[in-house]
Visitor: 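Below: one structure in structure tokens.
Because only heavy atoms are used, hydrogens play no part in the values below, and waters and symmetry mates are left out as well, while side chains stay in. In this text the structure is predicted, and so the values were computed from the model without any measurement. Below, chains carry the letters A, B, ... as their sequence lines are ordered, and counting in each starts from 1.
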Number of protein chains: 2
Amino acid sequence: MEIIRNNFKSNLHKVYQAIEEADFFAIDGEFSGISDGPSVSALTNGFDTPEERYQKLKKHSMDFLLFQFGLCTFKYDYTDSKYIMKSFNFYVFPKPFNRSSPDVKFVCQSSSIDFLASQGFDFNKVFCKGIPYLNQEEERQLREQYDEKRSQANGAGALAYVSPNTSKCPVTIPEDQKKFIDQVVEKIEDLLQSEENKTLDLEPCTGFQRKLIYQTLSWKYPRGVHIETLETEKKERYVVISKVNEEERKRREQQKHAKEQEELNDAVGFSRVIHAIANSGKLVVGHNMLLDVMHTIHQFYCPLPADLKEFKEMTTCVFPRLLDTKLMASTQPFKDIINNTSLAELEKRLKETPFNPPKVESAEGFPSYDTASEQLHEAGYDAYITGLCFISMANHLGSFLSPPKLHVSSRSKLIEPFFNKLFLMRVMDIPYLNLEGPDSLNFASRACLLVQPKRDHVLHVTFPKEWKSSDLYQLFSAFGNIQISWIDDTSAFVSLSQPEQVPIAVNTSRYAESYRIQTYADYVGKKQGDKQIKRKWTDDSWKEVDRKRLNTQSLSHSLQSHYYPPDSFTATSTVKKRNLSPSPEAGSEDRVLGKSSDSDLEQADSCAEALSEGRKKSKKLKRMKKELTPAGSVRLSPAKLFEVPDTW
Amino acid sequence: MEIIRNNFKSNLHKVYQAIEEADFFAIDGEFSGISDGPSVSALTNGFDTPEERYQKLKKHSMDFLLFQFGLCTFKYDYTDSKYIMKSFNFYVFPKPFNRSSPDVKFVCQSSSIDFLASQGFDFNKVFCKGIPYLNQEEERQLREQYDEKRSQANGAGALAYVSPNTSKCPVTIPEDQKKFIDQVVEKIEDLLQSEENKTLDLEPCTGFQRKLIYQTLSWKYPRGVHIETLETEKKERYVVISKVNEEERKRREQQKHAKEQEELNDAVGFSRVIHAIANSGKLVVGHNMLLDVMHTIHQFYCPLPADLKEFKEMTTCVFPRLLDTKLMASTQPFKDIINNTSLAELEKRLKETPFNPPKVESAEGFPSYDTASEQLHEAGYDAYITGLCFISMANHLGSFLSPPKLHVSSRSKLIEPFFNKLFLMRVMDIPYLNLEGPDSLNFASRACLLVQPKRDHVLHVTFPKEWKSSDLYQLFSAFGNIQISWIDDTSAFVSLSQPEQVPIAVNTSRYAESYRIQTYADYVGKKQGDKQIKRKWTDDSWKEVDRKRLNTQSLSHSLQSHYYPPDSFTATSTVKKRNLSPSPEAGSEDRVLGKSSDSDLEQADSCAEALSEGRKKSKKLKRMKKELTPAGSVRLSPAKLFEVPDTW
């Protein structure tokens, strides 16, 4: 279902309902660019540490616009053993809400735009019909604007400067405006005398004059008149004065307040959808989703934090359960039977043995996608395909159970090892970005997650800027196969196939003038010496983070729960409904794994608290996971089977 | 006529012809944004000096994209006393030409995009069908790439690194590639032996392998084989080897070279249109055209220079004659009879007395615009309207002649006072940006053009960031009418109506804690003290610029003439044609003003040299102007009549 500015409001309840009833979501974003840096290869160097990668993406990718957001909700129908799918394709654009609202600037990258254009992307739909949105700070400011306007309309007190010679009159009218204001007051006296006329339209005037009118009248006539600003067809603003009794005046004020609340909701716009997804606490699936997650938080919540640790905290707070299908497909037991993990190829592969194409149908009233005629790079379609891939892979895990299960739910323990680990593009020896830090609390990843890859076969080489890959191949031709990772115009990492050759290579460069070779360890050592000493990723420092978390509770709190009007969708209702009428088969598979259905309940309770205690949720989840031990008749502990490795 | 990627090449000759035959052009650009700064009001403070304004626009506006360029060519038909107009609306987009070509990033401003969207602007046409372009540096680099590719294909010598143990073979094949290359050589030996086969398609392989093949073969078989890289349908590249005799080999090389030349022209794309306009040396008219000129130079020539003086030089070099209709309409004799100088209002006003709506017809085969159904903010239409405004105003100047003239040509002395002076938006007391500097050589502006506006009624005020305009009105309420020009959140210029009050105002702030008031002179003095001492705009320093000009001749030279392939449009042909068949009436009006028709001829000669001596042209033009003195039966010297004032 295509959602644009005009049909957003009328379809929002459908979106909320889909989120409420879903078992899990798949998402995808399309952006106006990927990398603002010198080149994509420099942006994604094969030997980036996760912190470096985060910093690069934050610096070079966040100025692009996420302008199409695909959301696919999947709900399992136990009666017919199939998924019911609802797909939404949102066009998003930061249309300025009013004159004082933020005028967002965003960057476009020609190659990305050209690529989307070649795929038939409709830019007019984005720019002419995109749904507006505000992040939380902008929402707060707009709310303040409304409050201020109201307090201004209610009387004086809005001026920061108080004149030293304040007269008896609480409003100081500048000399050149006195005549104008006197005339207005005269007209209103006439209106109040008149028996025929109920309202008076003043001539269009400047904003400053309107302000003076509001201030003068609310001081002179605290009751008895209602003041309102309207616009002519030519967009000139003018003031309308009406005679009202107290009851009528209050009714109008309430009406106005309700209208303002609606305007505010309209301005928050698409962010409300993201809030609803976040508040649901449900599993969110994406393919190679790090950039999607970063953009979503940056655009609809707040600018990204300074370092990776804080980003991880924030992400777990907004999206407590993420799963990256590219990471899943690159991990055992899938790694050996899946060659190509690009979304299109993965989808094709997962239709063949040993996988089973999942049974998925579009919900009534929702258009269905045809996977035969590919519509790749439409966010809604990509989200749909991502969901299919997840279902196929999850179900495949069921074949390892005894007895085998055809359907593995999104709440099964079997998929937990893949939670909150995001694929890192083109990183050679670090498997993923672990959103839950190097703690060993994670049920499946009991192995220490300290990311310290072996790089003893890697050389750091500097050379004149004229050099190309061929020059490097030439230079290292005696060392057999090499792999080059460009850093910039004059340096690269070169990995040799045999670590033993590293000292030989370093030695040969001793007397070279044009180039220099050093070991990876030396390079990192010098770099750290140059900068300040980096904090090590040890358990200790993560404990420190946990301590910090308590201090930032209020931030986290506001992140998840602060700004939702009472009538908007909340997770509470979802979870309650889900618990009130559980499907009869719902627990059956989970029972194989022991106390899982209890844990579902516990988790549901914890989700129910999400509205006011977003932060606690993920902690509770962790505690819960720790307390559970896998049991039952599984052939192998799923932990061992599907443990996501540290390196590959 | 709408020109997009698909029909650009087939219509380019029409564009060239229109430029060649025109008397003058009108241009207009649409951009993806206006100001990247904190706010437009801070970007265009009313008390900016021209240098400040240039720096602000350069810093905050050049990252936007000029994506629609309107060009309207006007040619006067003396037989029917009417203009024949050809309008072109170009959609422009920096589609990357190949993998190694620049991947341009540009900024979009939501409010500008939203505004254009509301006017029905077609973004899909820009992004999917925009004509590509290269600036001069990019063109040079692409040319080098081709040259390098050719020299590589012709043999070795392209490697920057020469292995210390170079073998007898000029190509060092890495160990792991030796088997691959040996197999290729074997296949070619077979091909050369075979009598049936003339060509051999190798398997797709990597770029590095293709390079090795090229190097090996051109060393092993300097004659006798032709090597070519083609692409499969799946975009995989493979090498094709053909047996050829020497003649055939040369023919194919030439064919390839011609194809490369065409590809290069395609890549330079829309820039060729701008080069043709520039090379013609003809009058270019725009409305409020400073940003248009800056963007045009920045996008199609080179990044803007560091300071205003260099920008002026560069601009006069690229566009030797510019005329800004907003500046013209704001100047006597128009100022008093034209209230609103916005383009739409100006066009309406110029249809009424004392003006005459100009007779303008679309050329055959060109669509005509209907000024009744406004299509404002389409660049082609805006350029058209701008041209109409210029014609009306120019013709109005003819009414001051004796006998009055109904038609004033774009080459008339009457309009020269308006040349090369660009309107400065929202600047209160500096009338224009004078592209020709403060020298008094200019025919009309004999008054010293040193821009030193009187600002003795202006105060500089700093205050807490909570303050709004109303707080300032309040603070200065004792001083009557004031005008506020915001600088940033915590400072503004405030101009009083009476300079005598300035010391009083400054005095009152002496003991104030929250705000501070100083005179404009004090503010500027401190600012200059803070920074380095600014060079003064004196005649001396302009002489220095002239001296510098000689040194930068080579830059200027390349700017105008270096990169045009011999078959592209040149100004020479234009001018010659114009001189070979002058219209019988062409000189009649100019004769009124004396030697003008001679000067036309002289200028034509100078234009004819434009191709190789772009720089000299404007100098010669200046000399020429100096030598001429107005004569004839003009009621008043046009210099006195229409002299553009220093302040208003």
Visitor: Hey, can you tell me if A:Phe121 and A:Tyr91 have their rings parallel, tilted or perpendicular (30° and 60° cut-offs)?
Guide: tilted
Visitor: Is A:Phe127 close to chain B through its backbone or its side chain, or both, or neither, when contacts mean heavy atoms under 4.5 Å?
Guide: both
Visitor: Report the residue from A:Pro102, A:Pro94, A:Ser271 that forms a side chain to side chain contact (heavy atoms under 4.5 Å, CB included) with A:Glu138.
Guide: A:Pro102
Visitor: Identify, with sequence neighbours excluded, every residue that meets salt bridge (charged side-chain N to carboxylate O under 4.0 Å, His left out) alongside B:Lys125.
Guide: B:Glu2
Visitor: Which bit of A:Asn124 comes within less than 4.5 Å of chain B, counting heavy atoms only: side chain, backbone, both or neither?
Guide: both
Visitor: I'd like to check the side chain to side chain contact (heavy atoms under 4.5 Å, CB included) partners of B:Asp182; sequence neighbours left out, ordered by chain and number.
Guide: none
Visitor: Scan A:Leu66, A:Asp63, A:Leu65 and name whichever one has a side chain to side chain contact (heavy atoms under 4.5 Å, CB included) with A:Phe106.
Guide: A:Leu65
Visitor: Relative to chain A, which segment of B:Phe93 carries a heavy atom at a distance below 4.5 Å: side chain, backbone, both, or neither?
Guide: side chain
Visitor: Among A:Ser32, A:Ala117, A:Cys108, A:Gly120, which residue has the highest count of heavy-atom pairs closer than 4.5 Å to chain B?
Guide: A:Cys108
Visitor: Quick one: which of B:Leu116, B:Val126, B:Ile113 has the most heavy-atom pairs under 4.5 Å with chain A, could you say?
Guide: B:Ile113
